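As the structure is a prediction and not an experimental result, all values here were calculated from the model. Position 1 is the first residue of the sequence, and the numbers go up from there.
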Amino acid sequence: MKCGWREGNQIELLENGDQYYPAVFSAIAKAESKIILETFIWFEDSVGWQLHEALLTAARRGVSIEVLLDGYGSPDLSDRFVGELTTAGVVFRYYDPRPRLFGLRTNLFRRMHRKIVVIDAAVAFVGGINYSAEHMSDYGPEAKQDYAVRVEGPVVQDILQFELDNLPGHAEARHFWRRRHRAEENRTPGEAQTLFVWRDNHEHRDDIERHYLKMLANARHEVIIANAYFFPGYRLLHAMRNAARRGVRVKLVVQGEPDMPIVKVGARLLYRYLLKGGVQIFEYKRRPLHGKVALMDDHWATVGSSNLDPLSLSLNLEANLIIHDRAFNQTLRDNLNALIQQDCLRVDSAMVPNRSWWNLGKSVLAFHFLRHFPAMVGWLPAHTPKLAQVDPPVQTTLETQDRIDTENTGVKP
């Protein structure tokens, strides 16, 4: 099942929670019939409570709402927090909510990593921004740098059908989706065109990666890739070097102040190979980079949830928008070039470990372990992740509550 390129869309780049949350909350406030929201992380902090209030208000005025959270990314929401939403009628589901073992979470792999909102089949949001205060620029040095897209137009229907196809109880939607099957090739490139692509563990295992490979093969002038967790396989690394060697200006922006130290260790294993091929590498130093965006020449761009690492490329459920639009491309280019000029350190050969048989051996072993371990986990026999719906809390009548109070206090109301 694949959807096709859609024309006539309105596409807006949103940077960080400062732009993303007001846009999402405003759209929720205007919702009339249906909201579908899925995310990897939803924390019970200031941002999380704002989303809670927005959805609760919409549900109370009769809007149908379905929420899907990842069981690993969002394991700690309180019963009160969730219960208020389910009581108001929100359908609340977790993806693979497995129990802890000796206090440790066991659902490390096969994560639902998408960040999507669809409202009334009219507007959708796709990107890498979760619902937590750390995505706000005033959070401090650990505030994340990230991006999302707000889109209106025909592609919203594709995103909606994808969501319905992957939620229980929508058999008619699945049938409709199959009838709308189209090829993904953009045979008539133009403006305001978008393609919704995703990665799953069934029919679309490498769709997002293939679009990156095709983009690098088609590039003529410039490629900028900004990716928080960058550790792809040989095919993509080779494609980047090939593009640079034929004269394309290839810029790679990675984390310089990572939220996890192993991220820098992994990325730096690749520096020598890429630098030797002519790829320009920049470490973003202002704060942790969480974005997953790229652009090519003056028309192609992508924004989404997929990193270029083994988890995203081999196990996670991901979603990206591929965009063919010169104005959007220029907006993203201006943003990324400003990051490069103001907040990045360009990597040179002096930052790469000295070449020796010992360092080479360590790099080869580390590369193959980090690269293939998640994929090997995916090959092993394992449980099939399931969606677990949270039931509304049991509601007590006033008479029952009076009886409980009497039993507890010995005093009749």
Can you classify the ring geometry of W42 versus F81 as parallel (below 30°), tilted (30 to 60°) or perpendicular (above 60°)?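 Perpendicular.
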
Aromatic contact between F328 and W300, with the criterion being ring centroids under 6.0 Å apart: yes or no?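 That pair fails the under 6.0 Å test.
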
Sub-6.0 Å ring centroid separation between F196 and F162: yes

Using distance alone, with no hydrogens and no angle criterion, decide if [X] and [Y] have a side-chain donor and acceptor under 3.5 Å apart.
X	Y	result
Q145	Y147	yes
S132	D45	no
E15	N335	yes
T57	E53	yes
N320	T302	yes
D334	Q330	yes
N130	K144	no

Counting only N and O atoms by type, is there a donor-acceptor contact under 3.5 Å from the side chain of [X] to the main-chain atoms of [Y]?
X	Y	value
T86	G83	yes
H290	A228	no
Q255	L289	yes
R114	W198	no
D18	S137	yes
D96	Y72	no
D165	Q161	no
S305	A319	yes
N307	D309	no

Test L213 against L236 for side-chain contact (heavy atoms from CB on, under 4.5 Å), laying out the working first. CA-CA 6 Å; L213 292 170; L236 203 146; 4.2 Å; yes

Which residues pass the side-chain hydrogen bond (donor to acceptor under 3.5 Å, both in side chains) test with Q389, sequence neighbours left out?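 Q389: no side-chain hydrogen bond (donor to acceptor under 3.5 Å, both in side chains) contacts found.
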
What do you reckon, is [atom1] of [X] surrounded by more than 12 foreign heavy atoms closer than 6.0 Å?
X	atom1	answer
R246	CZ	yes
H299	NE2	yes
D138	CG	yes
R245	CZ	yes

Which pair of non-hydrogen atoms, one from [X] and one from [Y], has the smallest distance, and what is that distance?
X	Y	value
A59	V90	CB-CG2, 3.9 Å
L160	A121	CD2-CB, 3.5 Å
D206	R235	OD2-NH2, 4.3 Å

Do [X] and [Y] sit within salt-bridge range, that is, some charged N less than 4.0 Å from a carboxylate O?
X	Y	value
E142	R287	no
K34	E32	no
D158	R6	yes
K292	E318	no
D298	R326	yes
E283	K285	yes
R199	E209	no

Can F40 and K115 be said to form a side-chain contact (heavy atoms from CB on, under 4.5 Å), step by step? CA-CA 7 Å; F40 180 61; K115 293 90 174 174; 3.9 Å; yes

Run through L195, L295, V149 and flag the one making a side-chain contact (heavy atoms from CB on, under 4.5 Å) with I323.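 Per the side-chain contact (heavy atoms from CB on, under 4.5 Å) rule, the option paired with I323 is V149, out of L195, L295, V149.
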
Separation of H238 NE2 from L216 CG (nearest 0.5 Å): 11.5 Å

Quick check with a 6.0 Å cut-off and a 45 degree axis cone: is R241 positioned over the face of Y273's six-membered ring? yes

